[in-house]
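Here is the structure we will look at.
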Protein chains: 2
Amino acid sequence: MTEATRREKVRAETERDIRRQARALLVAHGRDAVTLRAIARELGITAPALYRYYDSREDLLNHLCEDICRDLDAELSAALTELPDAPAPAQVFAVCREFRRWALAHPQEFALVFASTDTTVPCAAGGGRVDEQFGRVFLEVAAKLVASDPAPAPHAADVPAELHDDLRYYQQILIAAVADKGGRVDESVLHLGAIHHILQSWVRLYGHVALEVFGRFPFAVSNPEPMFDLMLTQMIGEMGVTA
Amino acid sequence: MTEATRREKVRAETERDIRRQARALLVAHGRDAVTLRAIARELGITAPALYRYYDSREDLLNHLCEDICRDLDAELSAALTELPDAPAPAQVFAVCREFRRWALAHPQEFALVFASTDTTVPCAAGGGRVDEQFGRVFLEVAAKLVASDPAPAPHAADVPAELHDDLRYYQQILIAAVADKGGRVDESVLHLGAIHHILQSWVRLYGHVALEVFGRFPFAVSNPEPMFDLMLTQMIGEMGVTA
DNA sequence: GAACTTAGTGAACGGTGTTTACCGAGTTGG
DNA sequence: CCAACTCGGTAAACACCGTTCACTAAGTTC
């Protein structure tokens, strides 16, 4: 069997090498530096050989995106499994802080995956499946937090009717995702107001992190971390649980 | 005098032409398409001639950023002056909606100015001056809104001590900015809690708009506009004024 | 009108993505 | 075992790119 797949084996290996080199170039010198010729040079082959593995540079970048999403997902999941028995608010806190830490440590990857007009992120919106998605861990743990709240959140009826369809659709997706993980949520608990609040939390989490990564706060914040933590505290507090 | 500046005149004109073409390329085909050779081709000159105007492509892109910031600023100001006597909440609402409208209509410009790791935005954070800054109009009008609120905002003491220095610094900048416009704000009205809330509003505004421009909402929102409006309503409502 | 400044040129260098024809080793079937 | 076939890799070529340099010609200044 080893002999039968020998060629496939070396193929898979060089494919990994290609992406590893591409990733290294991205990290070191940014997206524009991810060059087919540079990758090939580093691997000791020629650029056209890469076309045996990817249709184009664009295609390679898309696959790179997927890799990055997978890695981010793994890191977030790891941060979560480090405190399996912690209360839901603490878990949300941990996942969010890990997301910020990762983004600041990997600005080029963050920019490619989360702030690119041209790159179609396969693991992002569109599929509808919450699995294989960048915000998966955050959204799941946020849903769990809301679900763990016995009291109904305050602003449930504030959601305008125009949003009901979209939110209901996403509600089903989230409920299914939590169910897959062994949890059980009711529609009355994870109501549309709660769904909207989870989305708003994603807006704030993404907003802060992106502003920090790109340095677009209106003034130079000497230490953004307490500001981030304060935002999380307020965010989680507003989810209904008295953190 | 006309003859004395004749050369300068044509120089200024071609300089404008260069940026106009660069802008057109950016809009049409994205940042990577903004090519010295393509610009020159469109202008009927050769690429090296552009070096008489800009040190490098990077330099040109930075100047392009400034242009874009100026344009955005003008559009936001125009939206504001269209309702000069409107109550402060309505003004904030209008400026925010205009920002979203502009970003969605100019995704490439938005990406260049607001979500770029390499481009040092001269009109963004750093200078400390609120003038010549991207968020200027939003931040000023938000400050005005908070200032117009007679009642002290609820969460003034929640801000942790670590943030005081940064917020106090920005408080002075904002007060000075409002004062320049003829307004008058007191430190007790535009207190640190209010400053923090303005920053949080910027986080949410930026977060939503960027997520929409880059298509990074966790699921496909069929019509994001009511969601945006809802966010604004909540945001403005939390500023203390009963919108 | 001489001296000087300056916008623009053309050629060149090294880099890029991509296509094409080709080769040679790995695999497969008779 | 050998012919047929698959497939990863190559070299050459094309059309781009940013950037530098020597040079020209027109505008400006004295």
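Naming convention: chains lettered A, B, ... in sequence-line order (proteins, then strands); numbering from 1 in each chain. Every value quoted in this text rests on a predicted model; they were computed, and no experiment measured them.
Relative orientation of the A:Phe228 and A:His208 rings is tilted, given thresholds of 30° and 60° on the angle between their planes. Using the six-membered ring where Trp is involved, A:Tyr206 and A:Trp202 have ring planes that are tilted, between 30° and 60° apart.
In terms of modelled atom types and a separation under 3.5 Å, the side chain of A:Arg216 and the main chain of A:Phe214 share a donor-acceptor contact.
We find that CD1 of A:Ile18 is positioned 10 Å from C1' of D:dG8, with the value rounded to whole Å. Spacing between atom CG of B:Leu60 and atom P of D:dT19 amounts to 10 Å, rounded to whole angstrom units. The CZ atom of A:Arg52 sits 14 Å away from the C1' atom of C:dA25 (whole-angstrom rounding). Atom-to-atom, CG of B:Leu50 to C1' of D:dG18 comes out at 11 Å; the value is rounded to the nearest Å. For the pair B:Arg57 CZ and C:dG15 C1', the interatomic distance rounds to 14 Å; values are reported in whole Å. When the C1' atom of C:dG15 is taken as reference, atom CG of B:Leu36 falls 14 Å away, rounded to whole Å. Atom CD1 of B:Ile39 and atom P of D:dC16 are 16 Å apart (whole Å). Between the C1' atom of D:dT19 and the CD atom of B:Glu58 lies a distance of 14 Å, rounded to the nearest Å.
The phosphate of D:dC16 has neither OP1 nor OP2 within less than 4.0 Å of any side-chain N or O from B:Thr35. Within the structure, a side-chain polar atom (N or O) of A:Arg41 is placed less than 4.0 Å from OP1 or OP2 of C:dT16. Residue A:Thr46 places no side-chain N or O under 4.0 Å from the OP1 or OP2 atom of D:dG9. Contact annotation: A:Tyr53 reaches the phosphate of D:dG9 (side-chain N/O to OP1 or OP2, under 4.0 Å).
When each of B:Arg11 and B:Arg37 is assigned the nucleotide of DNA chain C with its nearest heavy atom, B:Arg11 is the one assigned upstream, toward the 5' end. Remark on DNA chain C: of its neighbouring residues B:Ala47 and A:Pro48, the 5'-side contact belongs to B:Ala47, judged by nearest-heavy-atom nucleotide.
Comparing atom distances between the B:Tyr51 side chain and each of D:dT20, C:dT18, C:dA21 picks out D:dT20 as nearest. Side-chain proximity of B:Ile45 to the nucleotides C:dG8, C:dT18, D:dG8 is greatest for C:dG8.
One distance of note links CZ of A:Arg37 with CD1 of A:Ile45; it measures 12.5 Å at 0.5 Å rounding.
Within a 6.0 Å radius of NE2 in A:His164, more than 12 heavy atoms belonging to other residues, nucleotides or ligands are found.
A:Arg7 contributes no side-chain N or O that forms a donor-acceptor pair with the base of D:dG8 under 3.5 Å.
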